[in-house]
Amino acid sequence: MRYWLMKTEPSTFGVDDLERAKRGTTSWDGVRNYQARNMLRDEMKRGDQAFLYYSSCDVPGIVATVKVVKEGYPDPSAFDRKDHHYDPDSDPAKPRWFMVDVQLERRLARVITLDELRKHAAKELKNMVLLRKGNRLSITPVQAAEWKFILSLE
DNA sequence: GCCAACGTTGGC
DNA sequence: GCCAACGTTGGC
């Protein structure tokens, strides 16, 4: 089993939305980056866990954990002309973009902020992909030891 | 294949 | 709103 971190902007989709969703489950659609696509399509497996991370907001940080309940399958929003993430170059017969379904596991007792994560960037979290300079990937792998350590901060 | 121009992300 | 650090596009 592996661990991940998935970014979302709370103004677009937050943990409240996930909580309200049927069975606390949502399709993680709209990812349009090849590296992230490869992880969605090939690497994320049913039962994997992920941190839900808020970006582009007042207090960036981890707010919840989710688990993968459905493995990579074609993202239909790529074929929807009216969708913001529509990709005219993606052929339905040979889909370019993929998504997984995730289910809310639990909201953390408190937000573990980016600021706080950075305080451990020299030691426990020195290899954490999220903290690497210039990182913009919306999905990043998390090591088991990092997962455990971060939850211990909670 | 190179690389300049452009677009996006995301912290600040 | 600024801007660093990307990724993508397209002319050559």
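Convention: sequence-line order gives letters A, B, ...; per-chain numbering from 1.
In this structure, L131(A) places its CG atom 16 Å from C1' of dC12(B), rounding to the nearest Å. Going from atom OH of Y54(A) over to atom P of dT9(B) covers 18 Å, rounded to whole Å. Distance, D87(A) CG to dT9(C) P: 9 Å, rounded to whole Å. In this structure, CG of L130(A) is placed 10 Å from P of dG10(B), rounded to the nearest angstrom. Taking atom CG of residue N33(A) and atom P of nucleotide dT9(B), one finds them 9 Å apart after rounding to whole Å. Taking atom CZ of R136(A) as the reference point, atom P of dT8(B) lies 11 Å away to the nearest angstrom. As a whole-Å value, the separation of L137(A) CG from dC6(C) C1' is 10 Å. Nucleotide dA4(C) holds its C1' atom 13 Å from the CG atom of N135(A), rounded to whole Å.
Taking the six-membered ring for Trp and thresholds of 30 and 60 degrees, Y34(A) and W97(A) have ring planes inclined between 30 and 60 degrees apart.
Taking 4.0 angstrom as the limit, Y34(A) places none of its side-chain polar atoms (N or O) nearer than this to OP1 or OP2 of dC6(C). For R132(A), no side-chain nitrogen or oxygen approaches OP1 or OP2 of dG11(B) to under 4.0 Å. Contact annotation: K133(A) side-chain N/O to dA4(C) OP1/OP2 distance is not under 4.0 Å.
Residue H85(A) is the one, among H85(A) and D115(A), whose nearest nucleotide of DNA chain B lies closer to the 5' end (criterion: closest heavy atom).
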**Request:** Check the pair D17(A) / R20(A) against salt bridge (Lys or Arg N to Asp or Glu O under 4.0 Å), numbers first and verdict last.
**Result:** CA-CA 5 Å; D17(A) 299 294; R20(A) 276 195 296 270; 3.2 Å; yes
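Looking only at distances, a side-chain donor or acceptor of E146(A) sits under 3.5 Å from a matching main-chain atom of M128(A).
Salt bridge present: R32(A) and D75(A) bring a charged side-chain N and a carboxylate O closer than 4.0 Å.
As judged by a 4.0 angstrom heavy-atom cut-off over every strand, S55(A) is placed among residues touching the sugar-phosphate backbone only.
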